[in-house]
Amino acid sequence: MTQRYQYANDGYLNENFRLFHLKDTSGQEKDFHFHEFDKLVILISGSVDYTVEGTTYRLEPWDVLLVRHHMIHKATIDLSVPYERVIIYLDAAYVERFAPEAGLLDCFTVAEKRGYCLVRPSRDSIPELRSDIERLESVMDDKLFGGDIMRGTMLAQLLVRINRVTLSNTANVTVKTEDGGRIAPALSFINENITGELGIDDMAAMCYMSRYHFMRTFKAQTGCTVHNYIRQKRLVLAARLIREGMAASAAAVECGFSDYSAFHRAFTKTFRVSPGKIKK
């Protein structure tokens with residue numbers, strides 16, 4: 001199991017950020033998954049569709065995919081051609097500490113508000129984006145004096161570039177949605193009310209579907225049942241609250257788990273570590 005794939009399975013990041021530059025014909029992100037951290041995917045070459053929260057994007061070289069920590073996603077890869085990409089996992093708290101009030105993560109917020117996660121750089125901006133990535137890669141293993149500062153500076157420069165591209169982005173993006181993306185109201189409702197009551201019948205009504213049709217469509221677009229989707233989102237939130245200092249029992253209640261033993265089992269199975277240990 002590669003280090004990147006282990007991160008994908010565990011869902012959490014124990015570093016400030018991590019960069020992977022990968023090229024292969026096998027692909028490893030075929031299953032729907034989620035992370036506690038934010039994620040950048042920059043396609044260099046290959047043929048891949050990324051499905052994020054029920055919306056599927058056909059990536060082109062140098063496209064940037066912005067995946068927030070609460071988003072469930074997967075890659076569908078054409079294995080007949082080499083697939084080269086740069087993937088960066090980001091601890092949002094680190095980015096905000098490194099450059100307070102700089103808005104380096106605004107690109108994620110803007111993309112989410114626009115309703116699509118893909119940013120397509122103009123042809124003129126691609127060389128600058130490539131250069132920023134290469135500079136960041138060149139210092140990832142720097143163990144000399146100031147290496148951490150150098151890495152943070154190069155990361156900040158790349159995020160500035162991506163934010164500029166995001167704000168100026170007007171290119172058309174190829175988007176495919178199954179069944180017209182009709183579960184979008186339910187997805188928004190879940191994300192905005194993750195600690196409250198989330199009735200399936202209510203969400204089905206929001207999407208103008210029967211309960212059965214809604215549940216079937218939901219799983220087709222997200223790869224999860226409604227119940228598992230909500231549980232995973234709540235576990236991600238609980239992990240974040242625990243890391244910020246909240247007691248595990250309080251985080252469980254805050255995130256809608258009335259039975260702590262059930263919460264502990266689900267948490268440990270998902271993150272491969274107990275709630276007490278993830279805090280450390």
Side-chain angles (χ1 to χ4, degrees), residues 4 7-8 13 15-21 29 33-44 48-75 85-137 139-140 151-175 184 187-188 191-192 233 236 240:
R4 186 194 62 80
Y7 276 115
L13 179 67
E15 306 171 68
N16 293 328
F17 70 96
R18 169 59 59 177
L19 182 148
F20 304 92
H21 189 153
E29 295 184 46
H33 60 285
F34 69 95
H35 309 288
E36 187 192 353
F37 47 84
D38 294 330
K39 175 180 178 180
L40 288 168
V41 179
I42 302 156
L43 178 68
I44 297 176
V48 57
D49 289 349
Y50 249 96
T51 301
V52 184
E53 298 282 320
T55 300
T56 302
Y57 306 89
R58 169 61 56 86
L59 273 63
E60 295 183 2
W62 297 104
D63 278 354
V64 180
L65 192 71
L66 302 159
V67 183
R68 301 202 79 171
H69 57 271
H70 60 265
M71 293 180 169
I72 291 178
H73 57 282
K74 76 167 183 177
R85 67 279 191 200
V86 170
I87 297 175
I88 302 175
Y89 297 159
L90 296 169
D91 178 353
Y94 162 75
V95 175
E96 292 167 358
R97 288 195 308 270
F98 188 86
E101 301 181 8
L104 294 179
L105 298 175
D106 286 356
C107 51
F108 288 92
T109 303
V110 170
E112 189 171 29
K113 287 182 177 178
R114 288 178 177 177
Y116 57 87
C117 302
L118 190 63
V119 177
R120 181 155 294 159
S122 66
R123 185 170 298 179
D124 293 339
S125 64
I126 289 176
E128 297 172 329
L129 178 62
R130 184 202 302 264
S131 179
D132 289 340
I133 293 171
E134 290 174 351
R135 279 195 288 268
L136 176 57
E137 283 189 89
V139 299
M140 286 303 298
R151 280 186 287 276
T153 301
M154 295 298 101
L155 175 65
Q157 182 169 308
L158 174 61
L159 290 173
V160 167
R161 182 78 57 200
I162 291 173
N163 273 277
R164 290 180 177 180
V165 171
T166 302
L167 292 172
S168 64
N169 188 244
T170 57
N172 292 324
V173 177
T174 302
V175 178
L187 293 173
S188 297
N191 287 321
E192 293 167 5
K233 291 294 184 88
V236 170
R240 185 170 294 269

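The figures that follow rest on heavy atoms only: side chains count, while hydrogens, waters and symmetry mates do not.
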*Asks:* Can you name the nearest heavy-atom pair linking Val165 to Pro121, along with the distance?
*Replies:* CG1-CA, 3.7 Å
*Asks:* Ignoring hydrogens and geometry, is there a side-chain-to-backbone donor-acceptor pair from Ser131 to Pro127 under 3.5 Å?
*Replies:* no
*Asks:* Evaluate the side-chain proximity of Tyr50 to Leu59: yes if any heavy-atom separation is below 4.5 Å, no if none is.
*Replies:* yes
*Asks:* Quick check for you: to the nearest 0.5 Å, what is the distance between Glu112 atom CD and Asn191 atom CG?
*Replies:* 7.0 Å
*Asks:* Using the side-chain contact (heavy atoms from CB on, under 4.5 Å) rule, take Leu159 and Leu40 through it: C-alpha gap first, then chi angles, then the decisive distance, then the call.
*Replies:* CA-CA 10 Å; Leu159 290 173; Leu40 288 168; 4.0 Å; yes
*Asks:* What's the separation between atom CG in Asp49 and atom NZ in Lys74, rounded to the nearest 0.5 Å?
*Replies:* 10.0 Å
*Asks:* Is there a side-chain contact between Val86 and Leu136, using heavy atoms and a 4.5 Å cut-off?
*Replies:* no
*Asks:* Any donor-acceptor pair under 3.5 Å linking the side chain of Glu53 with the backbone of Ile72?
*Replies:* yes
*Asks:* Which pair of heavy atoms, one from Met71 and one from Val67, lies closest together, and at what distance?
*Replies:* CB-CG1, 3.9 Å
*Asks:* Give a yes or no on whether the backbone of Cys117 and the side-chain of Tyr57 come within a donor-acceptor separation of less than 3.5 Å.
*Replies:* yes
*Asks:* Are His73 and His35 packed together at the side-chain level, in the sense that at least one heavy-atom pair is separated by less than 4.5 angstrom?
*Replies:* yes
*Asks:* If only atom types and distance count, is the side chain of Arg151 paired as donor or acceptor with the main-chain N or O of Val139 below 3.5 Å?
*Replies:* yes
*Asks:* As an exercise, state the distance from CG of Leu90 to CG of Leu155, rounded to the nearest 0.5 Å.
*Replies:* 6.0 Å
*Asks:* Enter the distance from Asp38:CG to Tyr89:OH here, rounded to the nearest 0.5 Å.
*Replies:* 12.5 Å
*Asks:* How long is the gap from CZ on Arg130 to CD1 on Ile42, to the nearest 0.5 Å?
*Replies:* 12.0 Å
*Asks:* Which heavy atom of Arg58 sits nearest a heavy atom of Asp63, and at what distance?
*Replies:* O-OD2, 4.1 Å
*Asks:* OG1/Thr153 to CZ/Arg135 distance, rounded to the nearest 0.5 angstrom?
*Replies:* 12.0 Å
*Asks:* Assess whether ring pair (Phe, Tyr, Trp, His ring centres under 6.0 Å) is satisfied between Phe37 and Phe17, documenting all intermediate values.
*Replies:* CA-CA 9 Å; Phe37 47 84; Phe17 70 96; over 10 Å; no
*Asks:* Show the nearest heavy-atom pair for residues His69 and Val236, with the distance to one decimal.
*Replies:* O-CG1, 4.2 Å
*Asks:* Would Ile88 and Leu158 count as a side-chain contact (heavy atoms from CB on, under 4.5 Å) here? Give the steps.
*Replies:* CA-CA 11 Å; Ile88 302 175; Leu158 174 61; 3.5 Å; yes
*Asks:* Of all the heavy-atom pairs spanning Lys39 and Phe108, show the shortest one and how long it is.
*Replies:* O-CE2, 3.6 Å
*Asks:* Where is the tightest heavy-atom contact between Leu43 and Arg85, given as atom of each residue plus distance?
*Replies:* CA-CB, 4.3 Å
*Asks:* Hey, does the side chain of Asn163 reach the backbone of Cys107 with a donor-acceptor pair shorter than 3.5 angstrom?
*Replies:* yes
*Asks:* Answer whether the closest heavy-atom distance between the side chains of Val64 and Leu66 falls below 4.5 Å.
*Replies:* yes
*Asks:* With heavy-atom distances below 4.5 Å as the criterion, would you say the side chains of His21 and Ile133 are in contact?
*Replies:* no
